[in-house]
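To keep things clear, I will list the structure first and then write my remarks on it.
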Amino acid sequence: MICHADAQRDLRAILGVDTAAPVRATWHDGRYSCAYRYAHGASFTLTVQQLADRATAARFYDTTAARLGRRTTLTGLGQHAATMQRGQVVVQKDNDVLVVDPSGLPSRFGNPPDSAADVALSVAATIMGCWTG
């Protein structure tokens with residue numbers, strides 16, 4: 001899913017850059033995550049928290065969005081989605097909550113360069129566009 005070779009290929013296509021290190025997934029306590037690492041120390045992290053049901057996921061989404069400082073509500077990415085104060089994007093889809101954290105990116109990243117917040121939004125849209133199930 002978020003760390004799989006298909007996701008890596010799709011993200012490479014939208015960002016115009018290749019990772020400098022292999023993308024390695026971790027799984028712990030219902031949380032699946034990986035970091036996409038690039039040249040010069042640039043990186044972003046994708047995390048999916050799996051929860052028991054939609055209601056629990058909605059509460060987790062609300063808590064996460066409040067903690068990160070919800071900025072702008074987004075439509076069309078999942079049941080709930082928003083950008084956060086520091087550029088993160090949080091999306092609830094069914095019983096999962098995706099967090100895209102661009103905090104390891106420089107202010108401009110990609111080819112062509114874009115803001116870290118816009119990169120996070122593009123990454124979230126790309127992941128949600130191929131998310132099935």
Side-chain angles (χ1 to χ4, degrees):
M1 169 210 255
I2 62 173
C3 309
H4 191 268
D6 291 342
Q8 293 175 44
R9 183 194 66 239
D10 292 347
L11 294 176
R12 180 175 41 254
I14 65 152
L15 298 175
V17 291
D18 243 333
T19 55
V23 176
R24 288 190 166 71
T26 61
W27 173 261
H28 178 68
D29 207 20
R31 178 178 285 192
Y32 184 63
S33 107
C34 56
Y36 282 73
R37 300 185 190 287
Y38 298 90
H40 310 292
S43 68
F44 64 84
T45 303
L46 300 179
T47 304
V48 172
Q49 182 70 48
Q50 293 185 334
L51 297 134
D53 52 47
R54 278 188 183 194
T56 305
R59 286 190 299 276
F60 184 87
Y61 167 85
D62 286 336
T63 300
T64 302
R67 178 175 50 80
L68 296 176
R70 184 186 336 248
R71 187 172 184 192
T72 304
T73 299
L74 304 168
T75 58
L77 290 182
Q79 283 84 27
H80 301 99
T83 61
M84 305 297 137
Q85 294 295 324
R86 294 184 182 225
Q88 304 97 328
V89 177
V90 180
V91 182
Q92 179 207 346
K93 181 180 185 319
D94 302 327
N95 65 319
D96 297 320
V97 176
L98 167 70
V99 177
V100 180
D101 182 358
S103 62
L105 294 178
S107 61
R108 307 279 301 162
F109 180 77
N111 186 19
D114 211 345
S115 72
D118 284 345
V119 167
L121 186 54
S122 294
V123 167
T126 300
I127 294 296
M128 297 311 294
C130 62
W131 190 323
T132 59

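Residue indices begin at 1 and follow the sequence shown. Values in this document were obtained by computation on a predicted structure and should not be read as measured data.
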**Request:** Establish, yes or no, whether a centroid distance under 6.0 Å links the rings of Phe109 and Tyr38.
**Result:** yes
**Asked** Do you see a donor-acceptor pair shorter than 3.5 Å between the side chains of Asp94 and Gln79?
**Response** yes
**Item:** Flag side-chain contact, heavy atom, 4.5 Å: Ile127 against Leu11
**Value:** yes
**Item:** Residue pair Ala35 / Val23: nearest heavy atoms and the distance that separates them
**Value:** O-CG1, 3.9 Å
**Prompt:** Would you find a donor on one side and an acceptor on the other, under 3.5 Å apart, between the side chain of Thr83 and the backbone of Thr72?
**Reply:** yes
**Item:** Connected via hydrophobic side-chain network under 4.5 Å: Val99 and Leu15
**Value:** no
**Asked** Do Lys93 and Leu98 come within less than 4.5 Å of each other through their side chains, counting heavy atoms only?
**Response** no
**Message:** Around atom CZ of Arg70, are there more than 12 heavy atoms from other residues, nucleotides or ligands closer than 6.0 Å?
**Reply:** yes
**Item:** Hydrophobic cluster membership, Leu46 vs Leu74, 4.5 Å side-chain cutoff
**Value:** yes
**Prompt:** Taking a hydrophobic cluster as the set of Ile, Leu, Val, Met, Phe, Trp and Tyr residues connected by side-chain heavy atoms closer than 4.5 Å, whether directly or through intermediates, do Met128 and Phe44 fall within one such cluster?
**Reply:** yes
**Request:** Work out which heavy atom in Ile14 is nearest to a heavy atom in Val123; give both atom names and the distance.
**Result:** CD1-N, 4.0 Å
**Message:** Minimum heavy-atom separation for Asp18 and Arg12, please, with both atom names.
**Reply:** OD1-CD, 2.7 Å
**Approximate separation, where rounding is to 0.5 Å, of Thr45 OG1 and Gln88 CD** = 10.5 Å
**Prompt:** Do side-chain atoms of Gln49 reach the backbone of Asp96 as a donor and acceptor pair under 3.5 angstrom?
**Reply:** no
**Item:** Whether over 12 other heavy atoms sit under 6.0 Å from Arg108 CZ
**Value:** yes
**Message:** Is it the case that over 12 heavy atoms from other parts of the model lie below 6.0 angstrom from the CZ atom of Arg9?
**Reply:** yes
**Asked** Are Val119 and Leu77 connected in the hydrophobic side-chain network, where two residues link if heavy atoms are under 4.5 Å apart?
**Response** yes
**Request:** Take the angle between the ring planes of Tyr32 and Trp27 and call it parallel below 30°, perpendicular above 60°, tilted in between.
**Result:** tilted
**Message:** Return the NE2 to OG distance between His28 and Ser33, rounded to the nearest 0.5 Å.
**Reply:** 11.0 Å
**Request:** Enter the distance from His80:NE2 to Thr64:OG1 here, rounded to the nearest 0.5 Å.
**Result:** 12.5 Å
**Item:** Gln8 CD to Ile2 CD1 distance, which is reported to the nearest 0.5 Å
**Value:** 11.0 Å
**Message:** Would the distance check show the side chain of His40 and the main-chain N or O of Ala42 forming a donor-acceptor pair, the cut-off being under 3.5 Å?
**Reply:** no
**Request:** Would you mind telling me which of Val97, Val91, Leu51, Thr56 makes a side chain to side chain contact (heavy atoms under 4.5 Å, CB included) with Tyr61?
**Result:** Val97
**Message:** Taking Met84 as the starting point, is it possible to reach Val48 by hopping between hydrophobic residues whose side chains are less than 4.5 Å apart?
**Reply:** no
**Complete:** On a heavy-atom basis, the closest approach of Gly87 and Pro102 is O-CG, 3.5 Å
**Request:** Provide the closest heavy-atom pair for Cys34 versus Arg24 in the form atom of the first, atom of the second, distance.
**Result:** CB-O, 3.3 Å
**Item:** Minimum heavy-atom distance Cys130-Asp10, with the two atoms named
**Value:** SG-OD2, 4.0 Å
